[in-house]
Trainee: 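First, the structure itself, so that you have it in front of you.
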Amino acid sequence: IEMFLLRLAEKYQLEIDVEPYYHGQKFCDALDNGENYDLIFLDIELPDISGIEICRHIRQVMDDELQMLVFISGKKQYSLELHAFHPLDFLIKDISESDVEKVLKRYMKINGIWTSCFECKRGKDCFKIKTKDIKYLTVIDRAVFVVLHDQTTIEYNGSLEQAYQEQLQKFGFLFV
């Protein structure tokens with residue numbers, strides 16, 4: 001998972017720190033000492049205490065209902081029991097990079113990190129355009145034109161390369 005997350009961070013141009021813990025009690029101690037995590041991938045079966053006990057610690061002892069948790073197990077039967085802890089997701093081993101990518105995208109959407117809008121400015125006007133509505137962007141005489149599927153165009157001053165690198169690359173747009 002650590003390797004998958006680091007590759008996905010590069011793919012989506014995210015700055016992330018991944019901190020693996022191999023023992024549940026050490027993780028609980030870190031949380032009790034003020035460590036914060038945006039997203040926790042939590043294996044159910046750990047050597048000392050279970051992931052379920054760690055989750056109870058987070059939800060009940062720490063009284064944190066907002067912590068994003070993703071449970072991991074090789075056993076599907078845990079899924080119903082864990083529903084009460086309202087996890088973001090439950091992944092069944094063997095986990096693929098695409099499994100982790102789906103979870104990461106969902107997390108980013110929920111937290112506003114993955115905004116599916118392209119933003120541009122023309123003078124004092126700001127435009128937010130849903131990326132799914134964009135057909136392509138082109139440049140004519142230093143003006144960028146955003147062409148939508150309905151053939152509407154929005155013109156703004158900027159750089160095609162900057163639009164791609166800062167906003168559109170993560171949505172699968174191509175830069176030619």
Trainee: Stepwise, does the side chain to side chain contact (heavy atoms under 4.5 Å, CB included) test hold for L160 with F175?
Mentor: CA-CA 8 Å; L160 202 58; F175 183 77; 4.2 Å; yes
Trainee: Consider side-chain contact (heavy atoms from CB on, under 4.5 Å). Of I44, I92, I95, L42, which one does I72 pass it with?
Mentor: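 By the side-chain contact (heavy atoms from CB on, under 4.5 Å) criterion, I72 pairs with just one of I44, I92, I95, L42: I95.
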Trainee: Would you say F127 ends up clustered with F118 if hydrophobic residues are merged whenever their side chains have heavy atoms under 4.5 Å apart, either directly or through other cluster members?
Mentor: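 Same hydrophobic cluster.
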Trainee: If only atom types and distance count, is the side chain of R56 paired as donor or acceptor with the main-chain N or O of G51 below 3.5 Å?
Mentor: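 No: the side chain of R56 does not pair with the backbone of G51.
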Trainee: Take M62 and Q67, measure what side chain to side chain contact (heavy atoms under 4.5 Å, CB included) needs, and give me the verdict at the end.
Mentor: CA-CA 10 Å; M62 298 179 70; Q67 177 64 60; over 6 Å; no
Trainee: Passes salt bridge (Lys or Arg N to Asp or Glu O under 4.0 Å), K102 versus D89? Steps please.
Mentor: CA-CA 10 Å; K102 286 175 192 171; D89 211 333; over 6 Å; no
Trainee: State, with a plain yes or no, whether a side-chain heavy atom of K75 is found less than 4.5 Å away from one of E45.
Mentor: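 Yes, their side chains come closer than 4.5 Å.
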Trainee: Would you say V139 ends up clustered with I154 if hydrophobic residues are merged whenever their side chains have heavy atoms under 4.5 Å apart, either directly or through other cluster members?
Mentor: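 Linked within one cluster.
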Trainee: I140 and V144: same hydrophobic cluster, using ILVMFWY side-chain contacts below 4.5 Å?
Mentor: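 Shared cluster, no.
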Trainee: For Q165 and Q169, test the side chains for any donor-to-acceptor distance below 3.5 angstrom and give the result as yes or no.
Mentor: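 No.
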Trainee: Taking it one step at a time, do L137 and L168 satisfy side chain to side chain contact (heavy atoms under 4.5 Å, CB included)?
Mentor: CA-CA 10 Å; L137 280 76; L168 297 173; 3.7 Å; yes
Trainee: Hydrophobic clusters here meaning ILVMFWY residues chained together by side-chain heavy-atom distances under 4.5 Å, can you tell me if V18 and Y22 are in one?
Mentor: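 No; tracing contacts between hydrophobic side chains, which count when under 4.5 Å, never links both residues.
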Trainee: Is the distance between the ring centroids of Y37 and F27 under 6.0 Å?
Mentor: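 Ring centres of Y37 and F27 closer than 6.0 Å.
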Trainee: Side-chain donor-acceptor pair under 3.5 Å between E19 and Y21, yes or no?
Mentor: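 Yes, a side-chain donor-acceptor pair sits under 3.5 Å.
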Trainee: With a 4.5 Å cut-off on side-chain heavy-atom distances among I, L, V, M, F, W and Y, is there a chain of contacts connecting I110 to F41?
Mentor: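 As far as the 4.5 Å side-chain criterion goes, F41 and I110 are connected within one cluster.
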Trainee: Before you tell me yes or no, could you show the steps for E155 and R122 under salt bridge (Lys or Arg N to Asp or Glu O under 4.0 Å), namely the whole-Å CA-CA distance, both residues' side-chain angles and the distance that decides it to 0.1 Å?
Mentor: CA-CA 7 Å; E155 176 186 350; R122 183 177 59 208; 5.3 Å; no
Trainee: Working note: C55 + I58, criterion side chain to side chain contact (heavy atoms under 4.5 Å, CB included); need CA distance, chi angles, decisive distance, verdict.
Mentor: CA-CA 5 Å; C55 183; I58 292 168; 5.6 Å; no
Trainee: Could you check whether any side-chain heavy atom of Y136 comes within less than 4.5 Å of a side-chain heavy atom of V146, counting everything from C-beta outward?
Mentor: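 Y136 vs V146: side chains apart.
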Trainee: I49 versus C28: any side-chain heavy-atom pair under 4.5 Å?
Mentor: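 Of all side-chain heavy-atom pairs linking C28 with I49, at least one is under 4.5 Å.
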Trainee: Report yes if some heavy atom in the side chain of M68 is under 4.5 Å from a heavy atom in the side chain of D38; otherwise report no.
Mentor: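 The answer is no; the side chains never approach within 4.5 Å.
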Trainee: Is it true that K93 and D43 have a side-chain N and a carboxylate O under 4.0 angstrom from each other?
Mentor: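 Yes, K93 and D43 are salt-bridged.
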